[in-house]
Every structure is written in structure tokens, then in C-alpha cells.
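Counting begins at 1 with the first residue of the sequence. Nothing here was measured: the structure is a model prediction, and the numbers come from that model.
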Amino acid sequence: MLLDTTRTVETPEGVSLSLRVAGPTVRAVAWVLDQLIRILMYGVFGFTISMMGEAGSGPLMVMIFLMEWFYPVLFEVTRRGQTPGKQVLGLAVVHEDGRPVGLEASVIRNLLRFADFLPLAYFFGIAAMISSRDFKRLGDLAAQTVVVYLDRPDSPEPLTDTPPR
């Protein structure tokens, strides 16, 4: 039996959209890629700020706070639901009805990420994903969002050189 991850939603205009829901494995890979980017940024910023001595610890803590809580929100809202990790893998966060994710939904889903990590090692997040038909973690359930594969546009066929009539 094959696992069908395609969900069909109907727009108010009566148009049916097919959304291919992304599973836990590919989402975990996207998360790891985003973590690597953040770690690199922490290293660069931390090295630069270390020149300030103890006075740099405050700005470093502010930067870490902003990166941990708002890095995904910034990218999801400004880049069509895609953090860099999701973009590499062709994923995006959208509302359940296929609309692009907005600021409110992105903030809700990302602020609830801490609950996914409880009690240890992303236990609640994985449990929620396994028990959800659309592989939603707790933040997705609260924000009514889903992570989907973006269809890559077909490359246009090259124009042929035909003489004019």
C-alpha cells in the first residue's frame, strides 16, 4: 500500500488545488540545513563581537534570541513560506487552503516550536506529526498551516528558428 500525501483543497472560486504534503524526514533535513546556517552566522557574529570583550555578550545574546525565534518567521513571510533549508529541498509553508503563509500564522507556528521539543528531543513534535494525516507538528496545528512540496516549473521548450511567412 502506497502512502498518499496529496491533499486536494478547493478555493472559494471552485478551483481544485493539489498539495503534496512533506513528511517528517524531508522536513528534518530542511531544519538541519537551517541550523547549519544559523551556526555559521553565530560563529561569524560571535567572532566579530568577541573583539568587544565582555561588552559583546549582550549583543550576542540578543542576536541569538532573534535568530532562534524569528529566523524562520522572517524567511517564511518574505520568501513565500521558505527558509533557506526549505528552499533547497523545494518545500514551503502554506495555509491549509493553499494560501501563502502570513505573519500571524508564521509567528504562531514558530513560537510553538518550543512545545515540540518537550519533554525531550522533539518528542511532542514527532508524536504530533505521526498522528496527523498531514504530518503537522503542534505549531502547524495551531496556525492551521502545512508544509508542502512546491512543484518545480517545467523548463520552457526552446523556440525554433523558423523563417517568417
Side-chain angles (χ1 to χ4, degrees), residues 2-46 62-118 122-159:
L2 293 175
L3 180 65
D4 182 17
T5 60
T6 302
R7 304 293 176 256
T8 303
V9 295
E10 189 171 324
T11 66
E13 295 81 16
V15 177
S16 292
L17 299 175
S18 291
L19 302 175
R20 291 184 309 134
V21 178
T25 306
V26 70
R27 289 178 65 173
V29 172
W31 181 81
V32 166
L33 291 174
D34 286 325
Q35 284 300 107
L36 292 173
I37 291 169
R38 284 189 222 174
I39 289 168
L40 178 66
M41 292 175 74
Y42 294 150
V44 169
F45 191 75
V62 169
M63 185 262 196
I64 290 172
F65 171 80
L66 292 174
M67 287 293 290
E68 285 304 313
W69 289 98
F70 297 107
Y71 167 93
V73 174
L74 173 71
F75 283 107
E76 288 175 2
V77 171
T78 61
R79 298 185 64 201
R80 296 179 14 241
Q82 295 182 297
T83 61
K86 287 183 184 81
Q87 186 176 19
V88 166
L89 297 171
L91 305 176
V93 178
V94 296
H95 285 282
E96 291 173 336
D97 60 4
R99 289 179 296 124
V101 70
L103 178 63
E104 182 179 342
S106 183
V107 168
I108 290 170
R109 75 182 298 276
N110 286 294
L111 288 181
L112 281 173
R113 186 176 306 278
F114 79 92
D116 290 326
F117 280 98
L118 296 174
Y122 218 76
F123 178 78
F124 284 161
I126 292 170
M129 290 175 102
I130 290 171
S131 58
S132 169
R133 174 178 170 240
D134 293 330
F135 304 113
K136 293 182 178 189
R137 59 180 187 77
L138 298 175
D140 291 318
L141 291 167
Q144 298 178 345
T145 58
V146 65
V147 179
V148 298
Y149 287 97
L150 292 179
D151 292 328
R152 303 215 187 262
D154 296 332
S155 56
E157 292 184 27
L159 297 175

Find the distance between [atom1] ([X]) and [atom2] ([Y]) and round it off to the nearest 0.5 Å.
X: Thr83; Y: Leu74; atom1: OG1; atom2: CG; value: 11.0 Å
X: Met67; Y: Ile37; atom1: CE; atom2: CD1; value: 8.5 Å
X: Asp151; Y: Leu19; atom1: CG; atom2: CG; value: 9.0 Å
X: Arg20; Y: Leu91; atom1: CZ; atom2: CG; value: 9.5 Å

* To do: Using side chain to side chain donor-acceptor pair (under 3.5 Å) as the criterion, list what pairs up with Asn110, not counting sequence neighbours.
  =>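 Glu76, Ser106, Arg113.
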* Asked: Should Thr8 and Leu17 be marked as a side-chain contact (heavy atoms from CB on, under 4.5 Å) after you check the CA-CA gap, both sets of side-chain angles, and the distance that decides it?
  -> CA-CA 5 Å; Thr8 303; Leu17 299 175; over 6 Å; no
A side-chain contact here means heavy atoms from C-beta on lying under 4.5 Å apart; do [X] and [Y] qualify?
X: Leu112; Y: Asp116; result: no
X: Val77; Y: Val101; result: no
X: Pro72; Y: Arg109; result: no
X: Glu104; Y: Ile108; result: yes
X: Val146; Y: Val94; result: yes
X: Val15; Y: Glu10; result: no
X: Met63; Y: Tyr42; result: yes

* **Those residues that, when tested against Phe117, pass ring-ring contact (aromatic ring centres under 6.0 Å, His included) (two or more places apart)** =>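 Testing Phe117 for ring-ring contact (aromatic ring centres under 6.0 Å, His included), a comparison that skips the adjacent residues, returns Tyr122.
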* Asked: Listed by chain and number, what are the ring-ring contact (aromatic ring centres under 6.0 Å, His included) partners of Tyr149, not counting sequence neighbours?
  ->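 In terms of ring-ring contact (aromatic ring centres under 6.0 Å, His included), with neighbours along the sequence ignored, Tyr149 is linked to no residue.
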For residues 126-135, please give each side-chain donor-acceptor pair under 3.5 Å, one per line with the distance, not counting sequence neighbours.
residue, atom, partner, partner atom, Å
Ser131, OG, Ala127, O, 2.9
Ser131, OG, Ala128, O, 3.3
Ser132, OG, Asp134, N, 3.3
Ser132, OG, Lys136, N, 3.3
Asp134, OD1, Arg7, NE, 2.5

* To do: Just do the side-chain contact (heavy atoms from CB on, under 4.5 Å) check on Phe114 and Trp69 with the steps written out, would you?
  => CA-CA 10 Å; Phe114 79 92; Trp69 289 98; 4.1 Å; yes
* Asked: Mind checking what makes salt bridge (charged side-chain N to carboxylate O under 4.0 Å, His left out) contact with Arg80, not counting sequence neighbours?
  ->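 Salt bridge (charged side-chain N to carboxylate O under 4.0 Å, His left out) list for Arg80, sorted by chain: empty.
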* Would you list the pairs meeting salt bridge (Lys or Arg N to Asp or Glu O under 4.0 Å) in which at least one residue belongs to residues 28-44, sequence neighbours left out? =>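 For residues 28-44: Arg38-Glu68.
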